[in-house]
Amino acid sequence: MTILTSNPRIPFELSSERTRLAPPQGKGIIVHIAVNLETWPFDQAMPRAILQAPHGQQPKPDIANFSWVEYGLRCGLPRLVRELSERRLPASNIMNARFPEVYPSAAQAATGAGWTIIGHSVVQRSLALEQNEAGTIAEALSILEKTLGRRPRGWLGPGFGETLDTPDHLKAAGMEFVLEWMVDDLPAWMHTKHGPMIAMPYGLDLNDVMIFTLEKHTSEEYVRRFTDTLAVLERETQDNPRVLTLPLHPHIIGVPYRFGAFCRVLDILQARRDTIFMTADQIADWFTAECKPQFEARQ
């Protein structure tokens, strides 16, 4: 008889029953700013479009949508770098491996600001579409290490794309955490064939892609959604810390009429006494020190 399981990787656990973790520096709300820097090949169909082409076509090149994304790198990224640097806030940099080659000055702006690097495949294409998934992961990590001088410790798949074997490949490649398993407001240990790996919170409902591009909300909704989220998390920190992720894309949050809303969210967070800003690497270090995995490698 086959025993059904809700999740083959992460043992199910109610958030109310999780082991108590000491909040970092006594701060119960851990804010993770995650900026996605992506390479969308000019001669291929765009992975996402803000302007749909007539007759259901996918033009190549797709000038309108390519320009939408590149505007974010030219204008939105400098806004993000300047704002976070002036506020002295850390960030994680979720980067396609070819990004420094295609946009060297943009990559330098992010790394020069001290942003932590997270692997994001070679270009902006789902791992589920790659013929050699393990080879693509290895290539991406090797390029980033060679280009930037340090190997990422974590991974986010483009479009959250995975196959049944992706976590095993990532752990085999040395990854300590992955961000697409968004099952909790705290990190959780997940099974792989090569030992435990951390499933890091990411925040789908608070992602600027979701709010603005898919759900097509206004900037006021962005602020309201974070304010309402904070109200609930504040109560829950009596039991355990909570991770609040701000997933960002320069071509979405970095446009002028939305950027002010993002700054207001930062104002709200920085005015609180119970928040601490951390990178994904720092969150992984804190969680590993606080919570040891209860299982080993599993085939």
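Basis for what follows: all heavy atoms, side chains included, without hydrogens, waters or symmetry-related copies. All values reported here derive from a predicted model rather than from experimental measurement.
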Enquirer: Please determine whether residues F277 and L84 belong to a single hydrophobic cluster, defined as Ile, Leu, Val, Met, Phe, Trp and Tyr linked transitively by side-chain heavy-atom distances below 4.5 Å.
Expert: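 Same hydrophobic cluster.
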
Enquirer: Any side-chain heavy-atom pair from V35 and V81 closer than 4.5 angstrom?
Expert: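 No - every pair of side-chain heavy atoms lies 4.5 Å or more apart.
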
Enquirer: Please check if the side chain of N240 supplies one atom and the backbone of T19 the other of a donor-acceptor pair under 3.5 Å.
Expert: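 It does hold such a pair.
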
Enquirer: Please say yes or no: joined through hydrophobic side-chain contacts below 4.5 Å, possibly via intermediate residues, are I118 and I143 part of one cluster?
Expert: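 No, it is not one cluster - the side chains of I118 and I143 are not joined through contacts under 4.5 Å.
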
Enquirer: Any side-chain heavy atom of H120 sitting closer than 4.5 Å to one from N36?
Expert: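 Answer yes - side chains close enough.
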
Enquirer: Could you state whether L156 and V122 fall into the same hydrophobic cluster, counting links through intermediate Ile, Leu, Val, Met, Phe, Trp or Tyr residues with side-chain heavy atoms under 4.5 angstrom apart?
Expert: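 Different clusters: L156 never reaches V122 through Ile, Leu, Val, Met, Phe, Trp or Tyr contacts under 4.5 Å.
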
Enquirer: Start with the C-alpha distance between E221 and E215, add both sets of side-chain angles, then the distance that settles side-chain contact (heavy atoms from CB on, under 4.5 Å), and finish with yes or no.
Expert: CA-CA 10 Å; E221 168 64 14; E215 296 180 352; 5.7 Å; no

Enquirer: Using 0.5 Å steps for rounding, measure from the CD atom of E133 to the OG1 atom of T163.
Expert: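 If I round to the nearest 0.5 Å, the distance is 3.5 Å.
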
Enquirer: Taking the side chain as everything from C-beta on, heavy atoms only, tell me whether W115 gets closer than 4.5 Å to T279.
Expert: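 Side chain of W115 against side chain of T279, heavy atoms only: no contact under 4.5 Å found.
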
Enquirer: Just verifying a value: how many Å separate M182 CE and M200 CE, rounded to the nearest 0.5 Å?
Expert: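 Answer for the CE-CE pair, M182 versus M200, is 13.5 Å.
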
Enquirer: If you measure from CD1 on I10 to CE on M197, what distance do you get to the nearest 0.5 Å?
Expert: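 One gets 9.0 Å once the value is rounded to the nearest 0.5 Å.
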
Enquirer: Please step through side-chain contact (heavy atoms from CB on, under 4.5 Å) for the pair F262 and L80, ending with a clear verdict.
Expert: CA-CA 10 Å; F262 171 66; L80 284 166; 3.7 Å; yes

Enquirer: Taking E220 first and then R224, would you say they form a salt bridge - that is, a charged N and a carboxylate O separated by under 4.0 Å?
Expert: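 The answer is no: the pair does not qualify as a salt bridge.
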
Enquirer: Where is the tightest heavy-atom contact between P23 and W286, given as atom of each residue plus distance?
Expert: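 What the structure gives for the nearest pair is C-NE1, 4.2 Å.
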
Enquirer: Closest approach of L73 and P78, non-hydrogen atoms and distance?
Expert: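 Looks like O-CD, 3.6 Å.
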
Enquirer: Should the pair F160 and Y202 be assigned to parallel (<30°), tilted (30 to 60°) or perpendicular (>60°) ring geometry?
Expert: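 The arrangement is perpendicular - the two ring planes meet at more than 60°.
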
Enquirer: Just checking, R258 and F212: is the charged tip under 6.0 Å from the six-membered ring centre and within 45° of the axis?
Expert: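 Satisfied, under 6.0 Å and within 45°.
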
Enquirer: Using 4.0 Å as the upper bound for N to carboxylate O, is an ion pair formed by R87 and E83?
Expert: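 Salt bridge flag = yes for R87 with E83.
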
Enquirer: Over all heavy atoms of both residues, which pair between W181 and P167 is shortest? Give the atoms and the distance, please.
Expert: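 Closest pair (atom of W181, atom of P167, distance): NE1-CG, 4.0 Å.
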
Enquirer: Hey, quick one: are V223 and L269 part of the same hydrophobic cluster, counting side-chain heavy atoms closer than 4.5 Å, chains of contacts allowed?
Expert: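 Yes.
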
Enquirer: Hey, is R98 close enough to E139 for a salt bridge, meaning N to O under 4.0 Å?
Expert: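 A salt bridge is present here (some side-chain N lies under 4.0 Å from a carboxylate O).
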
Enquirer: Starting at CZ of R242, measure out to CZ of R235 and round the result to the nearest 0.5 Å.
Expert: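 It is 11.5 Å, given to the nearest 0.5 Å.
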
Enquirer: Between E162 and R9, is there a side-chain N and carboxylate O pair less than 4.0 Å apart?
Expert: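 Salt bridge between E162 and R9, a charged N being under 4.0 Å from a carboxylate O: no.
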
Enquirer: Is any side-chain heavy atom of S121 closer than 4.5 Å to one of L127?
Expert: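 Side chain of L127 against side chain of S121, heavy atoms only: contact under 4.5 Å found.
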
Enquirer: Examine L129 and V178 and state if one hydrophobic cluster contains both, with Ile, Leu, Val, Met, Phe, Trp and Tyr joined whenever side-chain heavy atoms are less than 4.5 Å apart.
Expert: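 Result: no, two separate clusters.
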
Enquirer: Please report the interatomic distance OG(S219) to CD1(I211), rounded to the nearest 0.5 Å.
Expert: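 If I round to the nearest 0.5 Å, the distance is 10.0 Å.
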
Enquirer: Looking at R153 and D285, does any basic side-chain N land under 4.0 Å from a carboxylate oxygen?
Expert: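 Result for this pair is yes, salt bridge flagged.
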
Enquirer: Is there a side-chain contact between C291 and L21 (heavy atoms, below 4.5 Å)?
Expert: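 C291 vs L21: side chains touch.
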
Enquirer: Report yes if some heavy atom in the side chain of V183 is under 4.5 Å from a heavy atom in the side chain of M190; otherwise report no.
Expert: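 They are not in side-chain contact.
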
Enquirer: With under 30° as parallel and over 60° as perpendicular, where do the rings of H251 and W40 fit, or are they tilted in between?
Expert: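 The rings of H251 and W40 stand perpendicular, inter-plane angle above 60°.
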
Enquirer: Looking only at non-hydrogen atoms, find the nearest pair between G28 and T237 and report the distance.
Expert: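 That would be O-CG2, 3.4 Å.
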
Enquirer: Between E130 and R125, is any pair of side-chain heavy atoms under 4.5 Å apart?
Expert: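 Yes, their side chains come closer than 4.5 Å.
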
Enquirer: For a side-chain contact (heavy atoms from CB on, under 4.5 Å) check, start with the C-alpha distance between K27 and M278, then their side-chain angles and the critical distance, and finish with the verdict.
Expert: CA-CA 11 Å; K27 310 289 187 179; M278 301 174 71; over 6 Å; no

Enquirer: Of all the heavy-atom pairs spanning P247 and G203, show the shortest one and how long it is.
Expert: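 Minimum heavy-atom separation between P247 and G203: CG-O, 3.4 Å.
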
Enquirer: Looking at T39 and N96, would you say the former's side chain and the latter's main chain have a donor-acceptor pair under 3.5 Å?
Expert: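 No, the answer is negative, given that no donor and acceptor are paired below the 3.5 Å cut-off.
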
Enquirer: Can you tell if the side chain of R264 reaches within under 4.5 Å of the side chain of Y222, non-hydrogen atoms only?
Expert: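 Heavy-atom side-chain distance check fails, nothing below 4.5 Å.
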
Enquirer: Which heavy atom in Q124 sits nearest to a heavy atom in G159, and how many Å separate them?
Expert: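 The pair with the smallest heavy-atom distance is NE2-N, 4.1 Å.
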
Enquirer: Verify side-chain contact (heavy atoms from CB on, under 4.5 Å) between W68 and T213, making sure each step is shown before the conclusion.
Expert: CA-CA 12 Å; W68 169 51; T213 305; 4.1 Å; yes

Enquirer: Does R20 CZ have over 12 foreign heavy atoms under 6.0 Å away?
Expert: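 Buried by this count: over 12 neighbours within 6.0 Å.
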
Enquirer: Between atom CE of M175 and atom CG of L141, what is the distance when rounded to the nearest 0.5 Å?
Expert: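 Between atom CE of M175 and atom CG of L141 there are 4.5 Å.
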
Enquirer: If we ignore hydrogens and angles and just use 3.5 Å, is the side chain of Q294 paired with the main-chain N or O of K292 as donor and acceptor?
Expert: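 Side chain of Q294 to backbone of K292, a donor-acceptor pair under 3.5 Å: yes, one is there.
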
Enquirer: When you look at CZ of R74, are more than 12 heavy atoms from neighbouring residues, nucleotides or ligands closer to it than 6.0 Å?
Expert: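 Check fails, neighbour count at 12 or below.
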
